[in-house]
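All values reported here derive from a predicted model rather than from experimental measurement.
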Amino acid sequence: MKKKRWLSIFGVLVLIICGVVTYIYLNSDMYTVNQVNSKMNSMIRGKNYKQMKAVANNQDTYIFLRSLSSKDRVNDTSDFQGGSDENAYYVTVVKNQDLNVYMRKTGIASWEIRRVEKQ
């Protein structure tokens, strides 16, 4: 009987710890940087011109995004540079060009690209 009780208590503690760790990760900058990289690379890899046009801040940025090969990838993404959940600012690099990326939180664990501009 005591063994079952301790096993139950241990199981509940493991679930609580896993929940806390997941919550911390989903609200961390590490997760959001991963989302910036994932969303930008997906857009570039898929040659999603409609999305590129929608998020490009100006024509020059749009032309640059269109010129990227589907094999190009973003790298050296910065930590959170400022803003809020509605307008989080990051800087990333693709083909030696710095890009300002503004992200918006759309759910508990989901982010979307709001705007991209060439520096």
dist Met43:CE -> Ile113:CD1 (nearest 0.5 Å) comes out at 4.5 Å
How many angstroms lie between atom CG of Leu26 and atom OG of Ser110, to the nearest 0.5 angstrom? 10.0 Å
If you round to the nearest 0.5 Å, how far is OG of Ser78 from CG of Asp29? 8.0 Å
Are the side chains of Arg73 and Val94 in touch, meaning some heavy atoms are under 4.5 Å apart? no
Within a strict 4.5 Å, meaning less than it, do heavy atoms of the Asn100 and Gln81 side chains meet? no
Please check if the side chain of Lys71 supplies one atom and the backbone of Arg45 the other of a donor-acceptor pair under 3.5 Å. no
Determine whether Met40 and Val116 make a side-chain contact, defined as any pair of heavy atoms from C-beta on separated by less than 4.5 Å. yes
I'd like to check Phe64 versus Asp60 (side-chain heavy atoms, cut-off strictly below 4.5 Å). Are they in contact? no
Calculate, to the nearest 0.5 Å, the distance between atoms OH and CZ belonging to Tyr49 and Arg66 respectively. 5.0 Å
Asn57 backbone acceptor or donor facing Thr61 side chain under 3.5 Å: no
Distance-only, no hydrogens or angles: does the Tyr89 side chain make a donor-acceptor pair with backbone N or O of Met103 under 3.5 Å? no
Using the rule given for side chain to side chain contact (heavy atoms under 4.5 Å, CB included), can you reason through Lys105 versus Glu112, listing the C-alpha separation, both sets of side-chain angles and the distance that settles it, and then say yes or no? CA-CA 7 Å; Lys105 191 169 188 173; Glu112 71 179 6; over 6 Å; no
Determine whether Val93 and Val33 fall in the same hydrophobic cluster, where Ile, Leu, Val, Met, Phe, Trp and Tyr are linked whenever their side-chain heavy atoms lie under 4.5 Å apart. no
Inspect the surroundings of CD1 in Ile108 and state if more than 12 heavy atoms from other residues, nucleotides or ligands are less than 6.0 Å away. no
I want to check a possible cation-pi pair here: Arg115 against Tyr102, using under 6.0 Å from ring centre and within 45° of the ring axis as the test. yes
Any side-chain to backbone donor/acceptor pair from Thr22 onto Cys18? Under 3.5 Å, distance only. yes
As an exercise, state the distance from NZ of Lys53 to CD of Gln59, rounded to the nearest 0.5 Å. 4.5 Å
Please answer whether the main-chain N or O of Ser69 pairs with a side-chain N or O of Asp72 as donor and acceptor at a distance below 3.5 Å. yes
Heavy-atom side-chain proximity of Met30 to Asp79 below 4.5 angstrom: no
Would you please test Asn87 and Arg104 for side chain to side chain contact (heavy atoms under 4.5 Å, CB included) and show each step? CA-CA 5 Å; Asn87 201 31; Arg104 174 184 15 221; over 6 Å; no
Would you give the length of the straight line joining atom OG1 of Thr92 to atom CG of Asp98, rounded to the nearest 0.5 angstrom? 8.5 Å
Tyr25/Asn34 under side chain to side chain contact (heavy atoms under 4.5 Å, CB included): CA gap, chis, key distance, verdict: CA-CA 11 Å; Tyr25 174 70; Asn34 185 331; 3.9 Å; yes
Evaluation steps, side chain to side chain contact (heavy atoms under 4.5 Å, CB included), between Leu99 and Glu117: CA-CA 6 Å; Leu99 296 174; Glu117 61 186 21; over 6 Å; no
So, applying side-chain contact (heavy atoms from CB on, under 4.5 Å) with Val36, which one of Tyr90, Trp111, Phe80 is it? Tyr90
